Amino acid sequence: MLGARGAALARGLRGLTHSWRRDSRALALVRAVGVSRAGHGQAPAGPGPRRRRLSLSAAAVVDSAPRPLQPYLRLMRLDRPVGTWLLYLPCTWSIGLAAEPGCFPDWYMLSLFGTGAVLMRGAGCTINDMWDRDYDKKVIRTANRPIAAGDISIFRSFLFLGGQLTLALGVLLCLNYYSIALGAASLLLVITYPLMKRITYWPQLALGLTFNWGALLGWSAIKGSCDPSVCLPLYFSGIMWTLIYDTIYAHQIYTLDIDRPEDCWDKFTSNRTLGLIVLLGIVLGNLWKEKKTDEVKKSIDSRIES
C-alpha cells in the first residue's frame with residue numbers, strides 16, 4: 001500500500017513539474033511579446049519607471065537650468081535664497097515705515113529693491129568666493145563651490161561680478177540722488193566684508209552693517225533723505241538681528257543642537273519667517289494709523305457741527 005501511494009505521489013509531482021514548466025514558458029513568451037511590442041512604441045505591462053516629481057524649490061530650478069549656466073547660478077547662491085531674503089527684508093521694513101498712513105508699501109519700490117537684493121547678494125557671494133577660493137578648497141562644506149571646484153575661472157567670475165554690479169547700478173539709478181549716493185557707499189562694505197573673518201572674531205558685525213544697509217536706503221528712496229529718529233534704530237536693531245542669525249549659522253545659541261547641521265540650517269532659515277512677520281506688523285500698523293486718524297477726524301467734525 002505504501003508503495004502504491006509512493007508511486008502515486010511521484011506521478012503527481014511529475015505532473016506538477018510539467019505544469020510549472022509550461023506556465024514558465026508561457027510567462028516567458030508573454031514577457032517577450034510585451035518587450036517586442038514596447039519596442040514598437042507600446043508600453044510593456046506592469047509598473048514602469050517612476051517619473052520624477054516636479055519641484056519648484058530654488059535648488060530644483062537651478063538644477064533644471066542649462067548645464068553651462070548652473071555654476072553661475074550657484075555662485076550667486078540662487079539655489080539657497082534665504083540669504084537674499086535676509087538682505088531684502090530690512091529694505092521692506094524701511095519702505096513699509098515710509099508709506100503714508102493707511103497705505104500699503106510702494107509696490108514699485110518693493111520690486112525694485114527685490115531685484116537689487118538678488119543682484120547684490122549674488123555680487124557679495126561672488127566676491128566672497130573669489131577672496132576665499134584657496135580656503136574653500138580645504139573645507140568639505142565649501143569645496144564644491146564653483147570657483148573652488150574649478151567650474152568657473154577667476155577671470156570669468158570677475159566678468160560675472162562686473163555684470164551683476166552693472167545691473168545693480170541700473171537699479172540704483174532708478175532712485176533719487178540722495179539714495180544713489182547712499183547706495184554707492186554700501187559697496188565698500190560689500191567688498192570688505194569677506195575679509196573680516198580673517199582679522200576679527202566678529203565677522204557677524206560686519207555682515208550686519210552690510211546686510212541691513214537697506215534699512216537706510218528704503219526710507220530715503222521714498223522720502224528723499226534719511227530720518228535718523230526712524231532709520232538709525234531700525235538699522236541698529238537689524239544689526240543685532242544679524243548677529244543672532246549668523247551666530248546660529250556658525251553653531252551657537254541656547255536651543256541649538258550643534259551636532260546636527262540640519263538643526264542649525266532650520267533655525268537659520270526660520271529668520272526669513274520672522275522677518276516677514278515683522279513686515280506684516282509694520283504694514284498692519286500703518287493701515288491702523290488711517291483708521292485712528294479717520295476716527296479722530298469724525299470726532300472733530302462732529303464737535304464742530306454741534
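Given the structure is predicted, the values throughout are model-derived calculations rather than measurements.
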Open item on the list: Please find the pair of heavy atoms, one from Ile95 and one from Pro105, that lie closest to each other, and give the distance.
Closed with: CG2-CB, 4.1 Å
Task: Side-chain H-bond candidate by donor/acceptor type, Ser220 with Asn176, under 3.5 Å - done: no
- [ ] Determine, step by step, whether Ile154 and Ile147 satisfy the side-chain contact (heavy atoms from CB on, under 4.5 Å) criterion, reporting the C-alpha distance in whole Å, the side-chain angles of both residues, the deciding distance to 0.1 Å, and the verdict.
- [x] CA-CA 7 Å; Ile154 292 297; Ile147 297 178; 3.8 Å; yes
TODO: Work out which heavy atom in Met130 is nearest to a heavy atom in Ser157; give both atom names and the distance.
DONE: CG-OG, 3.7 Å
Open item on the list: Could you check whether any side-chain heavy atom of Phe160 comes within less than 4.5 Å of a side-chain heavy atom of Gln164, counting everything from C-beta outward?
Closed with: yes
- [ ] For Asn212 and Gly208, indicate whether the former's side chain and the latter's backbone hold a donor-acceptor pair under 3.5 Å.
- [x] yes
Task: Face-on cation placement of Lys197 at Tyr201 ring, 6.0 Å and 45° thresholds - done: no
Task: Gap separating the CD atom of Gln70 from the CG atom of Leu78, nearest 0.5 angstrom - done: 11.5 Å
Task: Leu217 with Tyr177, same ILVMFWY side-chain cluster at under 4.5 Å - done: yes
Open item on the list: Side chains of Trp213 and Leu87, heavy atoms from C-beta outward: is any pair under 4.5 Å?
Closed with: no
Open item on the list: Give me the atom names and distance for the closest heavy-atom approach of Leu279 to Thr92.
Closed with: CD1-O, 3.6 Å
TODO: Would you check if Arg121 and Val190 make a side-chain contact, meaning some heavy-atom pair closer than 4.5 Å?
DONE: no
Open item on the list: I need the Ile222 CD1 to Ser179 OG distance, nearest 0.5 Å.
Closed with: 8.5 Å
- [ ] Give, for atom CG of Leu195 and atom CD1 of Ile127, the distance between the pair rounded to the nearest 0.5 Å.
- [x] 9.5 Å
- [ ] Drop me the distance from Leu182's CG to Leu216's CG, to the nearest 0.5 angstrom.
- [x] 6.0 Å
Task: Close side-chain approach of Val278 and Leu89, heavy atoms under 4.5 Å - done: no
- [ ] Show the numbers, then the answer: is there a side-chain contact (heavy atoms from CB on, under 4.5 Å) between Val171 and Leu167?
- [x] CA-CA 7 Å; Val171 172; Leu167 293 175; 6.0 Å; no
Open item on the list: If I compare all heavy atoms of Tyr88 with all of Leu110, which pair ends up nearest, and what's the gap?
Closed with: OH-O, 2.8 Å
Task: Test: Arg74 and Asp129 ion pair at under 4.0 Å - done: no
Open item on the list: Is it the case that the side chain of Asn286 and the backbone of Phe104 share a donor-acceptor pair, with hydrogens and angles ignored and the cut-off at 3.5 Å?
Closed with: no
TODO: Please report the shortest heavy-atom distance between Leu175 and Ala221, naming the atom on each side.
DONE: CD2-CB, 4.1 Å
Task: Asn271 vs Trp241 side-chain heavy atoms within contact, under 4.5 Å - done: yes
Task: Short side-chain to backbone donor-acceptor contact, Asp106 and Met109, under 3.5 Å - done: yes
TODO: For atom CZ of Arg272, decide whether the heavy atoms of other residues, nucleotides or ligands shown that lie under 6.0 angstrom number more than 12.
DONE: yes
Open item on the list: With clusters defined by side-chain heavy atoms of hydrophobic residues (ILVMFWY) lying less than 4.5 Å apart, directly or transitively, does Leu276 cluster with Trp107?
Closed with: yes
- [ ] Given side-chain contact (heavy atoms from CB on, under 4.5 Å), test Arg156 with Tyr72 step by step and report yes or no.
- [x] CA-CA 10 Å; Arg156 289 186 178 182; Tyr72 295 95; 3.4 Å; yes
TODO: Verify the ring-centre separation between Trp219 and Trp93: is it less than 6.0 angstrom?
DONE: no
Task: Polar side-chain atom of Ser94 near backbone of Cys91 as donor-acceptor pair, under 3.5 Å - done: no
TODO: Supply the atom-to-atom distance Leu207 CG to Tyr245 OH, rounded to the nearest 0.5 angstrom.
DONE: 5.0 Å
Open item on the list: Under 4.5 Å between side-chain heavy atoms, counting indirect links through other Ile/Leu/Val/Met/Phe/Trp/Tyr residues: same cluster for Phe113 and Tyr108 or not?
Closed with: yes
TODO: Hey, could you give me the SG/CG distance between Cys174 and Leu112, rounded to the nearest 0.5 Å?
DONE: 5.0 Å
Open item on the list: Give me the atom names and distance for the closest heavy-atom approach of Leu172 to Ile180.
Closed with: O-CG1, 3.3 Å
Open item on the list: With salt bridge (charged side-chain N to carboxylate O under 4.0 Å, His left out) as the criterion, how do Arg198 and Asp132 come out once you've worked through the C-alpha distance, each side chain's angles and the decisive distance to 0.1 Å?
Closed with: CA-CA 10 Å; Arg198 305 184 186 186; Asp132 291 347; 2.8 Å; yes
- [ ] Find out if a path of hydrophobic residues (ILVMFWY) with successive side-chain heavy-atom gaps under 4.5 Å connects Tyr135 to Ile152.
- [x] no
TODO: Could you give me the CA-CA distance, side-chain angles and deciding distance for Leu165 and Met120, then say whether side-chain contact (heavy atoms from CB on, under 4.5 Å) is met?
DONE: CA-CA 7 Å; Leu165 292 177; Met120 288 307 297; 4.2 Å; yes
Open item on the list: Between Leu75 and Phe158, is there shared hydrophobic-cluster membership here, with clusters defined by ILVMFWY side-chain heavy atoms closer than 4.5 Å?
Closed with: yes
